[in-house]
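The structure under discussion appears below in the form of structure tokens.
Being a predicted model, the structure only gives us computed values, none of them experimental. Side chains included, hydrogens not; waters and symmetry mates left out as well; all remaining heavy atoms used. Every chain is numbered from 1 and lettered A, B, ... according to where its sequence line falls, protein lines coming before strand lines.
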Amino acid sequence: MAQISLTFPDGNAREFDAGVTPAEVASSISKSLGKKAISATVNGAHFDLQWPINEDASIAIHTLQDDDQALELIRHDLAHVMARAVQAIWPDVKVTIGPVRDYGWFYDFDREEPFTPEDLGVIEAKMKEIINAREPVTTEVWDRARAIKHYEDANEPFKVELIDRIPEGEDLRMYWHGDWQDLCRGPHLQTTGQLPADAFKLTHVAGAYWLGDATRPMLQRIYGVAFKNRKDLKAHMTMLEEAAKRDHRKLGREMDLFHMQEEAPGQIFWHPNGWRIYTTLQDYMRRMQERDGYVEVNTPQVVDRQLWEASGHWDKYQENMFIVEVDEEHAREKAINALKPMNCPCHVQVFNQGLKSYRDLPLRMAEFGSCNRYEPSGALHGIMRVRGFTQDDAHIFCAEQDIEAETKKFIEFLSAIYKDLGFEKFAVKFSDRPETRAGEDDVWDKAESALKSATEAAGYDFDLNPGEGAFYGPKLEFVLTDAIGRDWQCGTLQVDFVLPERLDATYIGADGDKHRPVMLHRAVLGSFERFIGILIESNAGKLPFWIAPRQVVVASIVSDADDFVHEVVNTLRAAGVRAEADTRNEKINYKVREHSLSKVPVILAVGMKEVEDRTVTMRRLGQKQTAVETLEAVAETLAVEATPPDLR
RNA sequence: GCUGCUGUAGCUCAGAGGUAGAGCACUCCCUUGGUAAGGGAGAGGUCGAGAGUUCAAUUCUCUCCAGCAGCACCA
């Protein structure tokens, strides 16, 4: 038999018969490793212990001590064990797919009756039974015909479809957990006995379309989380509880920032505190944009359908637009309008007024543009996904050769702002050409490479979203994360070759001829609404002082101090600090607790001692210790903190 | 939009086929208290909306609306 050489992580190599399995390799090292092994990395690939190795390779044997591999296998095997448990309880449930995801896995089932929350407990119990039976996991490669026949006989149509979708020539691998069988890429554990019976939990059920396609049947997805041990599971559950406390919807209520109500789904009633955040951010953005060479405009909300037809929105976006028809009885003319879902067509109208010269480019046209989109009801989420919102939008009209420089300039602009707002790190996603698109391939080539090299030049890595670009051009997305790890696109930059064409934007070049500008659609915050949601969650409500709507509460300890309290408030207000008095007939403990819960960054306590010394006792949010300072010193310190970072 | 769940006082929630309860918040009174809840009293609800079943519905059924989780969507 042919020999192969396997190299271990310590650099030593040993000869084995070709076709040796990692399980045999592990056992040859020691009996205990043979038992403890869960999988191997062979030439960089994650290998099942049962797969044969046929060529010289590097090999590392994994045990449950290896976090990455162990967690992946635990979660993956639990997906199978869960499917097995479900079919053991309800034999006519059809199985589909069950991948590993963050913290756990899910598995999609086809079943008439919905799973109930009570069912989850029943399934969990069955899973523990299966785990404790400690049955071996085995695998075989089958040929296509046999696998299809098998699943047709078993009445598992989804599996048959899956096999049809696996490219010819790729191995079809079958796995058995005990006598329960599933089509699976692997790898898997040696036995279900390697699973921690006390470190997983089924969390929730939800619908999910088969193959992610809304035209296909909706399946029932059961989610689970799993860890290596009970302690990690518990830590995860605690983390989720903590994250729930940062939910902007909860904090928005507690901090009295905004509310929403049935009569205006997906729209926000901003309260004074919330609107303070909004205007503070808007003022800041306006200063930053002016400094970076933007001009600000403002355009109509209600626009005739003709413009939307010309721009292409009527065709491609109508479902998401609020259409406004004037009651015929009162209409002098029969016009159909739409609330603008985007600002771009209006900006082209501004651009088109008067002749533009190449000397006018790049023209950076900004608008705090109020948009309304009829978002699907299921997509609405607090103030992060709404039907009425305002973008910090701008369109940069430029020549093709300016794309790279403008992109780089924009990324630097965005990252400076994100830094000011406390987001040092953010993800960048790059989406390239989709299947159906407008524009020639060589133009796409140029645009894509310009975006990529500008991103790299600005010093950012990006994830590629192949084929996810807009039909009119490639795009960059700047993604921030909410309290429980959901991603939200905030900033964006999109190259657009199409709209200038459709709306006939032109400029006169140095050669005296008409040319077509390129439009860069870009936003930094994305929308104020979403960004404020993220800002609240990432700070757990403890906003930076300059953004905090209520910055200082001056609280009296005894009512004889009330006069000085008002003097302190007035002094702070004169220094540009948002201060208010709390002279209610309550104990200082009560006041401290209440204002701390509503996230006021600074509480200044004033008793008779302070009145005599003209001092205040300062307590910062989240800190227990206090500091006595003179009124003048506090006003000076807080005035600096209240100043937006760009004005310091 | 789809699947499932939820909707009772400002908030968090309990409750039952016979027209409702708690804690906190709110108002008033007492209390002037030194850094996360001082004491007492009071007020507050068309039980999401509509229809049906029933002697009787907030409770059961249906429809609608909204919210939550996930999926799809996010040009």
Side-chain angles (χ1 to χ4, degrees), chain A residues 101 106 108 111 113-117 119 203-223 244 247 249-250 253-254 256 259-266 311-313 315-321 341-342 344 373-382 384-386 434 436 468-473 475 477 484 486-489 492 494 496 498-499 521 526-527 530 555-562 583-598 603-610 617-628:
Chain A
R101 63 193 290 269
F106 63 76
D108 289 347
R111 179 186 180 221
E113 288 275 293
F115 291 110
T116 65
D119 290 340
T203 54
H204 57 288
V205 196
Y209 296 109
W210 169 233
L211 299 174
D213 182 343
T215 64
R216 306 297 303 272
M218 180 157 275
L219 307 170
Q220 296 189 59
R221 176 172 295 179
I222 302 179
Y223 286 88
D247 190 310
R249 294 164 297 191
K250 180 177 157 71
R253 203 165 35 238
E254 289 170 359
D256 194 14
H259 85 272
M260 303 174 90
Q261 64 187 49
E262 280 196 22
E263 290 84 347
S311 70
H313 288 83
D315 224 27
K316 301 217 187 250
Y317 204 67
Q318 198 182 147
E319 277 191 358
N320 288 288
M321 300 195 342
M342 300 176 205
C344 26
R373 298 180 187 174
Y374 187 77
E375 297 284 2
S377 57
L380 302 177
H381 179 86
M384 307 261 237
R385 181 90 182 259
V386 287
T436 49
E468 293 291 307
F471 74 93
Y472 51 67
K475 67 178 177 184
E477 293 174 29
I484 64 167
R486 288 178 290 215
D487 282 348
W488 294 92
Q489 180 200 304
T492 183
Q494 306 176 11
D496 185 356
V498 173
L499 202 59
H521 306 243
S527 81
R530 174 175 295 178
S556 58
I557 294 170
V558 292
S559 49
D560 284 346
D562 288 0
T583 54
R584 290 174 306 167
N585 174 19
E586 297 292 351
K587 295 200 174 187
I588 192 67
N589 292 308
Y590 183 94
K591 295 181 184 181
V592 165
R593 176 182 147 83
E594 187 179 281
H595 298 125
S596 297
L597 285 174
S598 59
I603 298 170
L604 300 179
V606 172
M608 288 322 287
K609 208 150 41 102
E610 287 79 3
T617 301
M618 177 157 75
R619 176 186 169 122
R620 293 204 183 248
L621 182 58
Q623 295 179 7
K624 270 223 142 68
Q625 73 272 29
T626 55
V628 180

Have a look at A:M618 and say if it touches a base, only the backbone sugar-phosphate, or nothing, with a 4.0 Å heavy-atom cut-off.
-> nothing

Student check: side-chain heavy atoms of A:M260 and A:V386 closer than 4.5 Å = yes

Integer-rounded Å distance: B:rC74 C1' and A:Q489 CD | 8 Å

With rounding to whole Å, what would you report as the distance between B:rA56 and B:rG40 at their C1' atoms?
-> 41 Å

On a whole-Å scale, what distance lies between the C1' atoms belonging to B:rA69 and B:rU27?
-> 39 Å

Touch class at under 4.0 angstrom, heavy-atom based, for A:L219 against every strand present = nothing

Nucleotide B:rU3, atom P - distance to CG of A:D119 in whole Å | 18 Å

Value for OH (A:Y209) from CZ (A:R221), rounded to nearest 0.5 Å, stands at 12.0 Å

Distance, rounded to the nearest Å, where A:H521 contributes NE2 and B:rC74 contributes P | 16 Å

Starting at CZ of A:R253 and ending at P of B:rA25, how long is that distance when rounded to a whole Å?
-> 17 Å

Atom P, compared across B:rU59 and B:rU3: separation rounded to whole Å | 24 Å

Contact list for RNA chain B against residues 620-628 of chain A - heavy-atom distance below 4.0 Å = A:K624, A:T626

Quick one: label A:F115 by what it contacts on the DNA or RNA (base, sugar-phosphate, nothing), any heavy atom closer than 4.0 Å.
-> nothing

Which is true for A:R385 with a 4.0 Å heavy-atom rule: it touches a base, it touches only sugar-phosphate, or it touches nothing?
-> base

Under 4.0 angstrom, heavy atoms only, what part of the nucleic acid is A:T116 near: base, sugar-phosphate, or nothing?
-> nothing

B/S/- contact track for nucleotides 63-71 of chain B, protein heavy atom under 4.0 Å | --SSSSSBB

Picking from A:I222, A:L219, A:L211, what satisfies side-chain contact (heavy atoms from CB on, under 4.5 Å) with A:D108?
-> A:L219

Rounded to the nearest 0.5 angstrom, the CG-CE distance for A:D213 and A:M218 is 11.0 Å

More than 12 heavy atoms of other residues, nucleotides or ligands under 6.0 Å from CD of A:Q623: is that the case?
-> yes

Non-neighbouring partners of A:T492 that pass side-chain hydrogen bond (donor to acceptor under 3.5 Å, both in side chains), sequence neighbours left out | A:Q494

Test for a donor-acceptor pair under 3.5 Å between the base of B:rA36 and the side chain of A:R619, counting only N and O atoms.
-> yes

Quick one: the side chain of A:E610 and the base of B:rG34, do they pair up donor-acceptor inside 3.5 Å?
-> yes

Can you find a pair of side-chain heavy atoms, one from A:H595 and one from A:R619, that are under 4.5 Å apart?
-> no

Result for 5'-nearest mapping on RNA chain B, choosing between A:G469 and A:M608, is A:M608

For atom P, what is the distance between B:rU6 and B:rG42, given to the nearest Å?
-> 36 Å

With sequence neighbours excluded, what pairs up with A:Y590 under the ring pair (Phe, Tyr, Trp, His ring centres under 6.0 Å) test?
-> none

Where A:A605 and A:I588 come nearest, the two heavy atoms and their spacing = CB-CD1, 4.0 Å

So do the side chains of A:R486 and A:H381 get within less than 4.5 Å of each other, counting heavy atoms only?
-> yes

Is any side-chain heavy atom of A:S559 less than 4.5 Å from a side-chain heavy atom of A:T583?
-> no

Whole-Å distance separating the NZ atom of A:K609 from the P atom of B:rG33 = 14 Å

Scan A:P376 against the nucleic acid and name what it touches under 4.0 Å (heavy atoms): base, sugar-phosphate only, or nothing.
-> base

Check for a donor-acceptor pair, side chain of A:R530 on one end and backbone N or O of A:Q489 on the other, with a separation under 3.5 Å.
-> yes

If the P atom of B:rA20 is compared with that of B:rA66, how far apart are they to the nearest Å?
-> 30 Å

Between the protein and nucleotides 37-47 of chain B, list every N/O to N/O distance that falls short of 3.5 Å.
residue : atom : partner : partner atom : Å
B:rA37  : N7   : A:R593  : NE           : 3.4
B:rA37  : N7   : A:R593  : NH1          : 3.4
B:rA37  : N7   : A:R593  : NH2          : 3.3
B:rA37  : N6   : A:R593  : NH2          : 2.5
B:rA37  : N1   : A:R593  : NH2          : 3.2

Using the P atom as the reference point in each nucleotide, state the distance between B:rC26 and B:rA51 in Å, no decimals.
-> 38 Å

Pairing pattern in dot-bracket form [Watson-Crick, G-U; both distances under 3.5 Å; | = partner strand] for RNA chain B | (((((((..((((....[..)))).(((((.......))))).....(((((..]....))))))))))))....

Between B:rC73 (C1') and A:E468 (CD): distance, integer Å | 12 Å

Side-chain donor/acceptor of A:Q220 to backbone N/O of A:E113, under 3.5 Å | yes

Within-4.5 Å side-chain heavy-atom neighbours: A:I603 and A:S596 | yes

Contact class for A:K250 (heavy atom, under 4.0 Å): base, sugar-phosphate, or nothing?
-> nothing

Spacing of A:R584 atom CZ relative to B:rC29 atom C1', expressed in whole Å = 17 Å

Please lay out, stage by stage, how A:L499 and A:Y472 fare under the test side chain to side chain contact (heavy atoms under 4.5 Å, CB included).
-> CA-CA 8 Å; A:L499 202 59; A:Y472 51 67; over 6 Å; no

Could you measure between the two C1' atoms, the one in B:rU58 and the one in B:rG50, and give it in whole Å?
-> 14 Å

Rounded to the nearest Å, what distance is computed from the CE atom of residue A:M384 to the C1' atom of nucleotide B:rC73?
-> 18 Å

P atoms of B:rU19 and B:rA14, separation to the nearest Å | 22 Å

Side-chain touch A:K591/A:S556, heavy atoms, less than 4.5 angstrom | yes

